[in-house]
Amino acid sequence: MPLKNLVILALAAIVSLTCYFAAARNRYANLFAEIVELVDREHLQKPGRDELFDDAINGMLSDLDEHSVYLADRELRMFDENIEQEFGGVGMYVEADPESGYLMVTVPMPDTPAFRAGLRARDLITAIDGESTHGRTRPDCIEQMRGQVGTSVRLDIRKTSGETAELSLLREDIPVSSVFGDTTNPDGTRNYVLAEYPRLGYLRIDQFGIRTVDEFRTALTVIAGSIDGLVIDLRQNSGGPLSAAVDICDMFLDDGKTIVETRGRDRKLVSRHVAQAGMLTPADMPVAVLVNRNSASASEIVAACLQDHGRAVIIGERSYGKGTVQNVYNLQRDRSAVKLTTANYWPPSGRCIDKHDPTAEATGIWGVPPSPGFGIEMTEEEVLALFRQRQLREISGLIGDEAGLRAGPAGDPAADAGEQPSEDTLQLPLIDRPLQRAIQWLKEQPAPGTPLAAPVASRAS
């Protein structure tokens, strides 16, 4: 057969295959479009096409796993803000006031539009851009106050004195901290040691973001050489970028030690992360890590890694059990995105973390358990009350005593670590039993750099 005919046949085969696969894809696309058109035309209540599309995508992803989601509009913006640790807003902590039903200022952040406008603790925000805050949820009000940098928001204020005012505030870039100390000073600087035990460091990572590693490194540098032990509080930490967890672990491990592995389909190795040369903390610095039922993902990587290498004791409850990695794929020129589960992560011990892994479901072994002897059972009410108390304690220096908000103590090591609070004691202040257990343990450990005791010479028989 002439070469020309062979070339024509080959090209025809390529075109046919291309059309076949395109048709297979288009078959589903055409079916989807046909169903959307049918619902739009015939359903009793005419829906918005955007809503139909979003619901369809979310329905498809929700059947994959609980962490694969479609992000658009508000969800995508909030996701980006959490990771980038920055948002357009006016800069204040707020909560719903149970007495009046309006939104209440907990405290304005220093050097922000809210602070410069004279807002103070316990001032009520009665309306946002003319819309009353009475009975509305805190997240809904926060969403309305946030927006594009350079735009304004109008707030109706009722001061604690009873005076009313209408303020127009220009939104600015508001940085979001992810690493907190035990307390905060009126100028916004943080104290990274426990107020009652200044030889013990305390760092709480609220959530992992792009600035978490730098914040954590700075905090460690501030207290370097002045502490005998360290508490890392990962309670209520839902995770964040894998890279941030890896870099935090690297500060505590010798060169070459495995931090975490990620594995894809059929448990095929995707990546292995190992510690680099240069620890930021002395190898003999005792470390206690606090976790609870809501510590997930990146926080579990840190807890499991330090536990597996004997670098820290884990105190509290078994963690959430989210051992999966999600990648974010931007769509529509960054107007939407899909967060898709693409791998599992495995700590150095190789044990299963994810609660939905088949092995975990069969054995009931998942998450990061407390170290032996360091488990502390808690009620859901106690978990939430302690978290609120901790948040208030951290910003109490900004609030001032006149606000009357009870921040509570860090913990009393003399109290009984096993005591369970009754329902009528779930009022602030609570004893932070996991933290007090960490304090007890750290005070029992030799300080970094303490020489080992010389062995006693045995007497000849």
Side-chain angles (χ1 to χ4, degrees), residues 85-87 89-95 104-123 159-160 169 172-209 211-237 248 280-281 288 290 386-412 428-432 435-436 438-439 442:
Q85 296 184 236
E86 190 173 78
F87 65 89
V90 296
M92 57 182 165
Y93 296 95
V94 295
E95 60 181 294
M104 182 178 70
V105 177
T106 305
V107 63
M109 304 176 191
D111 194 28
T112 62
F115 184 87
R116 292 192 293 270
L119 289 173
R120 294 296 179 263
R122 289 200 174 278
D123 287 346
K159 306 288 287 184
T160 54
L169 305 183
E172 297 179 2
D173 276 325
I174 306 297
V176 179
S177 297
S178 60
V179 178
F180 295 82
D182 185 38
T183 57
T184 303
N185 299 314
D187 63 358
T189 57
R190 305 188 190 283
N191 300 308
Y192 298 114
V193 296
L194 292 170
E196 293 87 349
Y197 306 94
R199 295 295 299 180
L200 299 180
Y202 175 86
L203 302 177
R204 183 176 75 86
I205 305 179
D206 182 62
Q207 188 166 344
F208 290 88
R211 290 200 290 266
T212 300
V213 175
D214 288 339
E215 291 179 39
F216 195 88
R217 182 181 292 110
T218 297
L220 276 183
T221 302
V222 167
I223 59 179
S226 65
I227 59 173
D228 298 329
L230 176 65
V231 178
I232 303 174
D233 193 342
L234 299 177
R235 292 174 293 181
Q236 302 294 112
N237 184 318
I248 294 294
L280 202 59
T281 56
L290 307 183
L386 277 178
F387 181 59
R388 169 172 164 73
Q389 176 173 285
R390 167 48 56 184
Q391 289 182 311
L392 287 175
R393 179 181 175 88
E394 288 167 353
I395 63 175
S396 59
L398 299 175
I399 297 173
D401 294 337
E402 72 279 359
L405 298 175
R406 300 164 66 188
D412 179 9
L428 301 182
L430 290 176
I431 294 297
D432 190 337
L435 179 55
Q436 76 174 16
I439 294 170
L442 289 171

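FYI, side chains are in, hydrogens and waters are out, and symmetry mates aren't considered; it's all heavy atoms of this structure.
Between Met109 and Tyr93, some side-chain heavy-atom pair lies under the 4.5 Å cut-off. Using a 4.5 Å cut-off on side-chain heavy atoms (C-beta onward), Val193 and Ile227 make contact. Contact of the Gln391 side chain with the Gln236 side chain is not registered, since no non-hydrogen atoms from C-beta on lie closer than 4.5 Å. Looking only at side-chain heavy atoms (C-beta outward), Pro113 and Ile174 come within less than 4.5 Å of each other. Residues Thr184 and Asn191 form no side-chain contact, since every pair of their non-hydrogen atoms from C-beta on lies 4.5 Å or further apart. Residues Ile248 and Phe208 have side chains in contact (heavy-atom distance under 4.5 Å, counting atoms from C-beta outward). Taking 4.5 Å as the limit, every side-chain heavy atom of Asp182 sits out of range of all side-chain heavy atoms of Val231.
Every residue was checked against the salt bridge (Lys or Arg N to Asp or Glu O under 4.0 Å) condition with Glu215, not counting sequence neighbours, and none meets it. Not counting sequence neighbours, the partners of Arg199 by the salt bridge (Lys or Arg N to Asp or Glu O under 4.0 Å) test are Asp228. Considering only residues two or more places apart in sequence or on other chains, Asp214 meets the salt bridge (Lys or Arg N to Asp or Glu O under 4.0 Å) condition with Arg217. Every residue meeting the side-chain contact (heavy atoms from CB on, under 4.5 Å) condition with Asp173, not counting sequence neighbours, appears here in chain and number order: Glu86, Val149. For Arg120, the salt bridge (Lys or Arg N to Asp or Glu O under 4.0 Å) test picks out no residue, with sequence neighbours left out.
With rounding to the nearest 0.5 angstrom, the OG1 atom of Thr106 is 12.0 Å from the CG atom of Leu119. Note that the OG1 atom of Thr183 and the CD1 atom of Ile395 stand 12.0 Å from one another [nearest 0.5 Å]. With rounding to the nearest 0.5 angstrom, the CZ atom of Phe180 is 11.5 Å from the CG atom of Asp233. To the nearest 0.5 Å, the span separating OG1 on Thr160 from CG on Asp123 amounts to 5.5 Å. For the atom pair CE (Met104) and CE (Met92), the distance works out to 12.0 Å, reported to the nearest 0.5 Å.
With hydrogens and angles disregarded, a donor-acceptor distance shorter than 3.5 Å links the side chain of Gln389 to the backbone of Leu430. Distance alone, capped at 3.5 Å, places no donor-acceptor pair between the Ser178 side chain and the Ile205 backbone. Judged purely by atom type and a 3.5 angstrom limit, Gln85 has no side-chain atom pairing as donor or acceptor with the backbone of Ser177.
A cation-pi arrangement is present between Arg390 and Tyr202, with the terminal nitrogen or guanidinium carbon under 6.0 Å from the aromatic centre and inside a 45° cone about the axis.
For residues 185-194, no pair satisfies salt bridge (charged side-chain N to carboxylate O under 4.0 Å, His left out), with sequence neighbours left out.
When all heavy atoms are compared, the tightest approach of Ala195 to Arg393 is CB-NH2, 3.8 Å. In terms of heavy-atom proximity, Ala438 sits nearest to Ala288 at CB-CB, 3.9 Å. Scanning all heavy atoms of the two residues, the minimum distance from Ala121 to Pro108 falls at N-CD, 4.4 Å.
Among Thr218, Thr212, Leu220, the one residue that satisfies the side-chain contact (heavy atoms from CB on, under 4.5 Å) test with Val179 is Thr212.
Ionic pairing of Arg235 and Asp432 is present here: one or more N-O contacts between side-chain nitrogen and carboxylate oxygen are shorter than 4.0 angstrom.
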Which is it for Leu290 and Leu234 under the side chain to side chain contact (heavy atoms under 4.5 Å, CB included) test, yes or no, and what are the steps along the way?
CA-CA 6 Å; Leu290 307 183; Leu234 299 177; over 6 Å; no

